[in-house]
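In what follows, a single structure is set out as structure tokens and then discussed.
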There are 2 protein chains.
Amino acid sequence: MEQAMALAQAIMTSLLDADLSGSELARDFEKSMGFFWQASHQQIYQELRKLAAKGWLNKREVNQSGKPNKIVYGLTLAGRESLAEWVYGPTRVQPTKDELLLKLYNLNEDNVEHIVGEITARREEVMKRLYLYEAVRRRHYDDPASLPVRHKGVYLALESGIHQGEQFLAWCDEALSLLASVEKRKA
Amino acid sequence: MEQAMALAQAIMTSLLDADLSGSELARDFEKSMGFFWQASHQQIYQELRKLAAKGWLNKREVNQSGKPNKIVYGLTLAGRESLAEWVYGPTRVQPTKDELLLKLYNLNEDNVEHIVGEITARREEVMKRLYLYEAVRRRHYDDPASLPVRHKGVYLALESGIHQGEQFLAWCDEALSLLASVEKRKA
DNA sequence: ACTAACATGTAACCCGTTACATGATTAT
DNA sequence: ATAATCATGTAACGGGTTACATGTTAGT
């Protein structure tokens with residue numbers, strides 16, 4: 001039934017604490033679990049319909065003042081049970097595909113400069129996201145050991161994102177310093 | 001023309017140094033660039049046909065003693081030029097989707113034990129790959145600063161994999177130590 | 001002969017992306 | 001009115017995965 005990457009479970013997980021509409025979910029994916037899961041709104045609306053048809057979600061329309069109505073989805077009991085079971089199933093990882101690393105295999109005197117530029121730009125992006133994550137950590141997860149169990153899990157996921165970011169910054173610095181010598185030699 | 005992740009360029013990059021057959025490419029993807037790019041043999045055979053049709057690769061059959069014949073592909077001049085241009089195009093990243101992090105959002109007293117088991121298993125896997133990468137580094141990239149330009153790029157890609165692995169091990173340790181307290185409290 | 005490994009494929013299906021469409025509300 | 005934003009979709013396309021198919025060589 002579930003062959004592909006678990007978008008269904010990602011959505012249901014987002015609904016653990018609060019009922020959300022499609023557009024809210026799409027925004028949530030960018031912010032909360034965005035660093036290890038992404039989905040477009042088209043994907044989400046489609047999946048929501050499937051999940052509702054399976055009886056794992058229920059839907060209700062909500063009037064909003066100043067905005068068009070939204071359709072809010074919530075987990076059913078069957079949905080919660082299915083999600084709880086899913087945790088014991090096989091775990092898949094879909095490793096990163098990064099064209100930047102591929103480009104590095106094609107490095108030469110002509111394109112060093114361009115690639116150095118790309119690395120620099122990526123470093124900036126990652127640093128910005130890292131600031132956000134660390135702000136969240138400081139605000140909500142100051143004392144991890146005292147958190148309730150489930151929040152410990154969320155904290156660890158966030159930590160994973162922070163570690164990855166820091167690792168990437170360190171790698172960028174190493175790369176830029178190694179490539180600086182190439183650029184000089186070229187000049 | 002090229003909308004999706006650059007499998008075509010990944011293949012052509014693998015053919016920069018040596019001509020290879022489909023099955024050799026499939027094996028190469030697992031070993032050399034496997035940590036940031038993966039492709040099944042079905043995907044590769046299909047893409048090879050497209051690339052040959054475009055005139056970016058040429059093919060020739062090679063007799064092997066003790067094995068069935070293989071069809072070896074090599075870059076044409078047009079292929080090399082197209083690859084060199086591609087480096088200046090936009091760079092896409094397809095971030096990791098990791099169900100383990102998603103499962104962490106669903107952490108509770110009942111499943112902690114299972115999740116701890118999964119983290120431990122993943123730690124083992126990553127450590128094994130890390131040993132391989134570090135062996136390669138020690139053997140071929142002992143003195144990065146003195147490498148020819150393109151090998152500097154390959155070295156940096158490898159370094160990226162090593163950094164990621166080390167970061168992941170550190171994260172596992174943090175996670176396991178935080179979750180150990182949960183398991184004890186449960187007992 | 002039979003099995004196992006190697007090498008190259010084909011076909012069906014589904015997921016995810018891209019592009020486009022529709023209606024509601026607010027602001028100017 | 002018109003433009004801009006929000007919210008919810010539909011449709012087409014292509015890439016990737018899964019399952020299956022075919023032939024070759026080596027070993028027993």
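For clarity, every value in this text was computed on a predicted model and none was experimentally measured. Naming: A, B, ... by sequence-line order, numbering from 1 per chain.
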**Request:** Start with the C-alpha distance between A:Val154 and A:Tyr141, add both sets of side-chain angles, then the distance that settles side chain to side chain contact (heavy atoms under 4.5 Å, CB included), and finish with yes or no.
**Result:** CA-CA 10 Å; A:Val154 177; A:Tyr141 304 97; 3.4 Å; yes
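Using a 4.5 Å cut-off between side-chain heavy atoms of Ile, Leu, Val, Met, Phe, Trp and Tyr, with links allowed through other members, A:Val93 and B:Leu101 fall into different hydrophobic clusters.
A side-chain donor from one of B:Lys103 and A:Thr91 sits under 3.5 Å from a side-chain acceptor of the other.
The ring-ring contact (aromatic ring centres under 6.0 Å, His included) check on B:His41 picks up B:Tyr45, with sequence neighbours excluded. For B:Arg60, the salt bridge (Lys or Arg N to Asp or Glu O under 4.0 Å) partners are B:Asp19, not counting sequence neighbours.
Taking atom CG of residue A:Asn63 and atom C1' of nucleotide C:dT25, one finds them 13 Å apart after rounding to whole Å. The interatomic distance linking B:Leu51 (CG) with D:dG15 (C1') rounds to 14 Å, in whole Å. If you measure from atom CD1 of B:Ile71 to atom P of D:dT24, you get 13 Å, rounded to the nearest angstrom. Protein atom CE of B:Met5 is 12 Å distant from nucleotide atom C1' of C:dG16, rounded to whole Å. For B:Glu61 and C:dT8, the CD to P distance is 9 Å, given to the nearest whole Å.
Put simply, CG on B:Leu104 and NE2 on A:His151 are 13.5 Å apart, with the number rounded to the nearest 0.5 Å. Atoms CG and OG, on A:Leu25 and A:Ser32 in that order, are 9.5 Å from each other to the nearest 0.5 Å.
Around atom OH of A:Tyr88, more than 12 heavy atoms belonging to other residues, nucleotides or ligands sit under 6.0 Å away.
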Using nucleotides 26-28 of chain D, report all nitrogen or oxygen pairs with the protein that are shorter than 3.5 Å.
unit_1, atom_1, unit_2, atom_2, d
D:dA26, OP1, B:Gly66, N, 3.0

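Taking every side-chain heavy atom of B:Pro68 into account, D:dG23 is the closest of C:dT8, C:dG23, D:dG23.
Summary of the strand contacts: B:Lys97 and B:Tyr73 both lie near DNA chain C, and taking for each the nucleotide with the nearest heavy atom, the more 5' one is attributed to B:Tyr73.
Checked against the 6.0 Å centroid threshold, B:Tyr105 and A:Phe36 count as a close aromatic pair.
DNA chain D lies under 4.0 Å from at least one heavy atom of each of the following residues of residues 13-23 of chain A: A:Ser21, A:Gly22, A:Ser23. Non-hydrogen atoms lying under 4.0 Å from DNA chain D are contributed by A:His41, A:Gln42, A:Tyr45, all within residues 32-46 of chain A.
By the 4.5 Å heavy-atom criterion applied to side chains, A:Val87 and B:Glu118 are not counted as neighbours.
One finds a side-chain N or O of B:Arg27 lying less than 4.0 angstrom from the OP1 or OP2 phosphate oxygen of C:dA7. Using a 4.0 Å cut-off, no side-chain N or O of B:Arg92 falls inside it from OP1 or OP2 of C:dG16. An OP1 or OP2 oxygen of D:dG15 is reached within less than 4.0 angstrom by a side-chain nitrogen or oxygen of B:Lys50.
For residues 153-174 of chain B, the pairs satisfying salt bridge (charged side-chain N to carboxylate O under 4.0 Å, His left out) are B:Arg123-B:Asp173, B:Arg137-B:Glu159, with sequence neighbours left out.
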